[in-house]
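What you are looking at is a predicted structure, and each value in this text was computed from that prediction instead of being measured. Note that these values count all heavy atoms, side chains included, but never hydrogens, waters or copies made by symmetry. FYI, the numbering just counts along the sequence from 1.
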Amino acid sequence: MIDISSNDMSLKSLRVREFYLGRQPILDRNQALFGYELLFRNAPVGPANISSDLSATASVIAHAAQLGMEKVIGDALGFVNVDADVIMSDIFSFLPREKVVLEVVETMKVSPPVLNRMAELVGHGFSFALDDVTLDTGHVQSLLPLVEYIKMDMRDMPLSTLMKLAPRFKQDNKKLVAEKVETREEFKNCLDLGFDYFQGYYFAKPVIMSGKKLSPSQLAVMELMTLVTSEADNLEIERAIKKDVSLALNLLRLVNTPAVGARQRIDSLSQAVTILGRRQLQRWLQIMLYAEPAKRGHSMTPLLMLATTRGRLLELLANKLRPSQRYVADVAFTVGIMSLMDTLFGIPMSEILAQIPVNDEVADALMFRGGFFGDLLKLAECIERIEELEDHIVPTLRDLAMSTDELVELEMAAFEWSDNVVRYAL
């Protein structure tokens, strides 16, 4: 049994040097953000590899607690994997019980002491999720009274089995979570079966529609971006923004977010243009493209969250790797945020690049994941899909000459920044 609060195992000795942290969104039936599953994977670097699930979980929890859980999950819930050893440990003093769901796998061996401990934790206000449920067994039945969420993996589950199990667990008032939802069709099937929550990247896959046109507000933002990146003077930019009242108001709201870090409140458009400068203004316009659909009642929050996290992570990585070249960080941000525009617009990336002028390096990164910026984008995508792509992380980190510890720190900062932006953008 681990007592993480004891002196011989201080937080300092649990610095996360040996694994990466992944964060996968869990959405509700309206495709709004509900929670994140926090996933961690051993990094095969250095001699001090974490040997057991318990110490890995302990390290993740300690590190997240040290940096502030809210930086990792914002206003959402955090789903954290635990095993029988962790359940029997004293690690829970680190966790905000109202913000965390403890996830146990269906195959976990349960003994009376483990069941008693789970009941005790439920009594203290913790919630449990039962993961990888494929059958309604006696084992599942013994855990059922203690769990609030049932998770089922869409990749391993025939539709016929789902149709039997979903109503059975709904009858017991369990909240159903569909995992590995990769297509819109799977999302629709699970919706029809009464699933409450959905985990997977179906929302980030482009659905290409021929002849799709951008909305008037998106077109206005695009025209403005062209002005900002051209030689147009500030007055011309200001006049263009004023033509669209909602655009002007939204831009003013966005540029006053804590994430901008302006020392004074920005009250006018001319101030926004002057104080922020062209590059910063371009960044907020790019973010607005993702925020616009959400304002019209289409829930694009997860896409906005993913795009801003990617943009910020790429910017921070570029800053760290090429600190003397400020423009490189700006380009990296643009690559990150543009990498989901094919999904946002339902238009192939090649068409988007024909409409938005970008340099060859950016085009190479977005089309082929090539060059320095392509490496950064690949790294961000590997972290998002850590379960399938963890083997690609180490080679990419090696190419970039970066440590896992640095990566986790930058991820945390990107999560927090994105959370701040999304809160103000909608």
Would you please test T229 and R278 for side-chain hydrogen bond (donor to acceptor under 3.5 Å, both in side chains) and show each step? CA-CA 7 Å; T229 51; R278 297 291 173 101; over 6 Å; no
Working to the nearest 0.5 Å, report the span between [atom1] of [X] and [atom2] of [Y].
X: I386; Y: L21; atom1: CD1; atom2: CG; result: 7.0 Å
X: D196; Y: R29; atom1: CG; atom2: CZ; result: 7.0 Å
X: D330; Y: R279; atom1: CG; atom2: CZ; result: 4.5 Å
X: D342; Y: K205; atom1: CG; atom2: NZ; result: 12.0 Å
X: M163; Y: L159; atom1: CE; atom2: CG; result: 5.5 Å
X: K99; Y: I73; atom1: NZ; atom2: CD1; result: 4.5 Å

Sequence neighbours excluded - ring pair (Phe, Tyr, Trp, His ring centres under 6.0 Å) pairs with any residue from [range]:
range: residues 105-127; value: F92-F126
range: residues 146-196; value: F79-Y149, F187-F198, F187-Y202
range: residues 365-405; value: none

Could you tell me whether the side chain of L377 reaches within less than 4.5 Å of the side chain of R310, counting heavy atoms only? yes
Do R423 and D75 touch side chain to side chain, with heavy atoms closer than 4.5 Å? yes
Indicate the atoms forming the closest heavy-atom contact of [X] with [Y], along with that distance.
X: P167; Y: L162; result: CD-O, 4.0 Å
X: E381; Y: L389; result: O-CD1, 4.0 Å
X: A84; Y: V114; result: CB-CG2, 4.1 Å
X: K174; Y: I150; result: CB-CG1, 3.8 Å

CG/D192: more than 12 non-hydrogen atoms of other groups inside 6.0 Å: yes
E98, CD: over 12 other non-hydrogen atoms inside 6.0 angstrom: yes
Pairing of D375 and R369 as salt bridge, 4.0 angstrom limit: no
Can Q24 and E384 be said to form a side-chain hydrogen bond (donor to acceptor under 3.5 Å, both in side chains), step by step? CA-CA 6 Å; Q24 288 196 350; E384 289 161 12; over 6 Å; no
Any residue meeting side chain to side chain donor-acceptor pair (under 3.5 Å) with E361, in chain and number order, not counting sequence neighbours: none
Tell me, please, which residues at least two apart from Y201 pass ring pair (Phe, Tyr, Trp, His ring centres under 6.0 Å). F203
Listed partners of K164 passing salt bridge (charged side-chain N to carboxylate O under 4.0 Å, His left out), at least two apart: none
Does Y197 reach the main-chain N or O of E179 with its side chain, forming a donor-acceptor pair under 3.5 Å? no
State whether the side chain of R312 and the backbone N or O of F333 hold a donor-acceptor pair below 3.5 Å, judged by distance alone. no
